[in-house]
Asks: 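Got a structure for you, written out below as structure tokens; questions coming shortly.
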Amino acid sequence: MKLTIQSSAAVVSGGACFTKAEVKRSGQVEGLSSKAAKLLGVDETQQHDDDDEPRVELLEEIHPSSAKNKVVGARDPYAIRLVRSAHINYLSNALSEPLSRGFISLDASHPWMIYWCLHSLDLLQHFDPPSDTSLDSGGINDLETLQKSQLLKRIVSTLKHCWTDMPLQFDIDEVKMNTKLSQLHKIQQQQEEDISSTNAEGTNEKIEIIGGGFGGGPQQMPHCAPTYAAVLSLCIIASIGCGQEDTMNKSHNPYHEAGKLAMELLNEKRLPMYAFFFTLREREDGERIAFRMHHDGEVDVRATYCILTPCHLLGLLDKEEEKNHLLSPSIARYIASCQTFEGGFGAEPFNEAHGGYTFCALAALRILGLVSIINVEMLRSWLVRRQLEFEGGFCGRTNKLVDGCYSFWQGGAIAVLDGWYNENDAACEKVGAADDEGLSFDEVMLQRYILLCAQDVNGGLRDKPSKPKDFYHSCYNLSGLSVSQHALSSSWPPTSSDTGDDDKNLNRLFGDSSFNILARTDPVLNIRTDRARYAAKQF
């Protein structure tokens, strides 16, 4: 990237060059990026009081048309890079080495730590087979490969120990009308006859079904959030181990055993998990259905998203089923009631709009296929205004500071909304589709913030400079980087033909494109698109 200064007053910080006037103005957190200003029809000259202030202009960006040449051509030694090896070491050590005593505060977050690190490593393509050599030539005996295989098997074992069974009570009529509950009841009773033969219809008798979910650790109560993290982690491992069987012999895939164990666990627990989710429904005002995070827990839109995502991946949202309670329009009505006057979503009705809750609400509506129920124009305006003009990253709420994790919560939400716009021509004509250059936010500015400000050179990513690195920010910085690099799929869920790995499907890039490009993540589910496709085929 080349920079030109329109004034001699400039300073250099963190490998990037900025004017003193821009540094002075960095406290203005509500400024619009030029792309957002264009999208919203705002005159950029009104953004600043002093039009004579010196500026830094980005003279060169890597476009998709030139990305291929950048990869195979001479490498720019001064281009900004993602320090892949350092990040891989940091994340791998977190999964394979004992954690320090300070992590006792995260004892209820075992599945989350696994997901944050595993998904990050997957985006960094740590478990992908080498492109130049085949595992057929003895690669399975490679020590590093064997260590990775053992790590994946230990992860499956750990998650299995985080599962907790729970006896659940259902009305007999409720079980009879629900295909999946009835199927689970028959399996547990080890009999094939219809339940009506042993229970009279219309009585007040209860049926006990053993359901359950993943807790934050062994012997902990089932909870929606760690269940979401555990299912995503198992889907990743299942795809790593079994998703390449069409192109690789099972005996030559060192991860096959781990993938098989993950698939067996998912198949074993999917119906008990559904029963647990079913008991978390909470009717609001008669016509709206929300979900609790756990029994006697809080009610908010996180629970709705954390339930719908595993159900989508495990084939529990069968739209052809006559009466699927997890596809009820009442669920979408509750989500819509959480939209605020600003356009974003709060945790509950009348809460402040927040980036994390906004993503959960929008992604849940995307899974339900009911995005049109909300005010998408207000939502789009609120989302694009969260990208800060000077830093390039996103903030989570109005008048707040930049934070690296919102690279995905806000950037991913914009990608979800842009994808919905692209599939709905009428909505595009009414509001205006994303510009021809990619997403509705400035992808290059976001990539610049992540690569220059969020990276720790010793491995791991962080909120912002001066903040410590951690697994959470590593995951969502890398997820946001992936979203900003890859063009939107033509449809959602992506089709089997939509590989998304060619140069023509890249957005504008920042830095060394031969080194910085990550695998593509699904902006709705936040696992790699090939992992999501594999899960969809299996269930």
Side-chain angles (χ1 to χ4, degrees), residues 88 91-92 95 111-112 114-131 134-135 139-140 145-160 214 227-270 273 309-317 367 475 478-479 482-483 486 489 492-501 517-539:
I88 288 174
L91 296 162
S92 298
L95 291 173
W112 274 117
I114 289 173
Y115 165 69
W116 293 331
C117 296
L118 181 64
H119 176 53
S120 299
L121 289 170
D122 203 27
L123 290 179
L124 291 165
Q125 300 167 308
H126 182 56
F127 300 101
D128 288 9
S131 57
S134 172
L135 289 173
I140 190 170
T145 302
L146 288 174
Q147 289 175 336
K148 293 178 187 177
S149 176
Q150 291 298 320
L151 173 63
L152 294 179
K153 286 189 282 187
R154 292 203 309 273
I155 288 175
V156 176
S157 176
T158 299
L159 293 174
K160 186 174 183 178
F214 292 93
T227 298
Y228 161 88
V231 170
L232 264 60
S233 299
L234 291 169
C235 285
I236 291 171
I237 296 174
S239 178
I240 292 172
C242 304
Q244 300 173 352
E245 291 180 358
D246 295 338
T247 57
M248 182 184 299
N249 190 297
K250 292 181 182 180
S251 62
H252 294 135
N253 185 349
Y255 309 126
H256 176 73
E257 186 177 352
K260 182 179 178 181
L261 291 172
M263 280 299 302
E264 289 175 352
L265 185 57
L266 288 171
N267 276 306
E268 178 187 349
K269 303 302 185 184
R270 60 190 289 269
M273 190 188 309
T309 297
C311 288
H312 171 80
L313 286 168
L314 300 181
L316 297 172
L317 297 179
I367 293 172
C475 174
L478 291 174
S479 299
S482 174
V483 166
H486 294 273
S489 301
W492 191 88
T495 61
S496 57
S497 61
D498 181 17
T499 59
D501 55 2
I517 299 175
L518 300 174
R520 183 168 70 165
T521 192
D522 187 306
V524 177
L525 309 172
N526 202 22
I527 58 174
R528 279 173 46 167
T529 52
D530 52 341
R531 312 304 185 207
R533 282 196 300 270
Y534 177 75
K537 290 179 182 178
Q538 301 307 307
F539 300 103

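Note that this is a predicted model, so its numbers are computed, not measured.
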Asks: Among residues at least two apart in sequence or on other chains, which ones pass side chain to side chain contact (heavy atoms under 4.5 Å, CB included) with Gln125?
Replies: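 Only Arg84, Asp128, Ala519, Arg528 meet the side chain to side chain contact (heavy atoms under 4.5 Å, CB included) criterion with Gln125.
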Asks: Would you check if the side chain of Lys537 reaches a backbone N or O of Gly243 as a donor-acceptor pair within less than 3.5 Å?
Replies: no
Asks: Pair Leu118, Phe127 - check side-chain contact (heavy atoms from CB on, under 4.5 Å), show working.
Replies: CA-CA 10 Å; Leu118 181 64; Phe127 300 101; 3.7 Å; yes
Asks: What is the minimum heavy-atom distance between Ser233 and Pro111, and which atoms define it?
Replies: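 For Ser233 versus Pro111, the nearest heavy atoms are OG-O, 4.3 Å.
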Asks: Please report the shortest heavy-atom distance between Ala238 and Ala262, naming the atom on each side.
Replies: N-CB, 3.9 Å
Asks: Calculate, to the nearest 0.5 Å, the distance between atoms SG and CD belonging to Cys242 and Gln538 respectively.
Replies: 7.5 Å
Asks: Quick check: closest heavy atoms across Ser92 and Leu121, and the distance to 0.1 Å?
Replies: OG-CD2, 3.7 Å
Asks: Provide the closest heavy-atom pair for Asn267 versus Phe539 in the form atom of the first, atom of the second, distance.
Replies: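 Smallest interatomic distance, heavy atoms only, reads OD1-CE2, 3.3 Å.
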Asks: I'd like to check His486 versus Ile517 (side-chain heavy atoms, cut-off strictly below 4.5 Å). Are they in contact?
Replies: yes
Asks: Could you go through Lys269 and Leu234, starting from their C-alpha distance and side-chain angles, then the distance that decides it, and tell me whether this counts as side-chain contact (heavy atoms from CB on, under 4.5 Å)?
Replies: CA-CA 11 Å; Lys269 303 302 185 184; Leu234 291 169; over 6 Å; no
Asks: Find the distance between OH (Tyr255) and CD1 (Ile237) and round it off to the nearest 0.5 Å.
Replies: 11.5 Å
Asks: Once rounded to the nearest 0.5 Å, what's the spacing between atom SG of Cys311 and atom OH of Tyr228?
Replies: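 Nearest 0.5 Å value for the SG-OH distance: 13.0 Å.
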Asks: Could you give the distance from CG (Leu91) to SG (Cys475), rounded to the nearest 0.5 Å?
Replies: 9.0 Å
Asks: For Leu525 and Leu232, run side-chain contact (heavy atoms from CB on, under 4.5 Å): C-alpha distance rounded to whole Å, both residues' side-chain angles, the deciding distance at 0.1 Å, then the answer.
Replies: CA-CA 8 Å; Leu525 309 172; Leu232 264 60; 5.6 Å; no
Asks: Take Arg531 and Ile240 through the side-chain contact (heavy atoms from CB on, under 4.5 Å) test and state the conclusion after the steps.
Replies: CA-CA 8 Å; Arg531 312 304 185 207; Ile240 292 172; 3.5 Å; yes
Asks: Which distance, rounded to the nearest 0.5 Å, do you find between the CE of Met273 and the CG of Leu314?
Replies: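 Here the rounded value is 5.5 Å.
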Asks: Is the side chain of Ser239 donor-acceptor paired with the backbone N or O of Cys235 at a distance under 3.5 Å, no angle test?
Replies: no
Asks: Name all pairs fulfilling the salt bridge (Lys or Arg N to Asp or Glu O under 4.0 Å) condition that reach into residues 149-160, sequence neighbours left out, sorted by first residue then second.
Replies: Lys153-Glu257
Asks: side-chain hydrogen bond (donor to acceptor under 3.5 Å, both in side chains) with Asn526: which residues, sequence neighbours excluded?
Replies: Tyr115, His119, Ser479, Thr521
Asks: Taking Leu478 as the fixed residue, which of Leu518, Asp122, Val483 is the one that meets the side chain to side chain contact (heavy atoms under 4.5 Å, CB included) rule?
Replies: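 Result: among Leu518, Asp122, Val483, Leu518 is the only option passing the side chain to side chain contact (heavy atoms under 4.5 Å, CB included) with Leu478.
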Asks: Could you state the interatomic distance from OG (Ser489) to CG (Asp522), rounded to the nearest 0.5 Å?
Replies: 7.0 Å
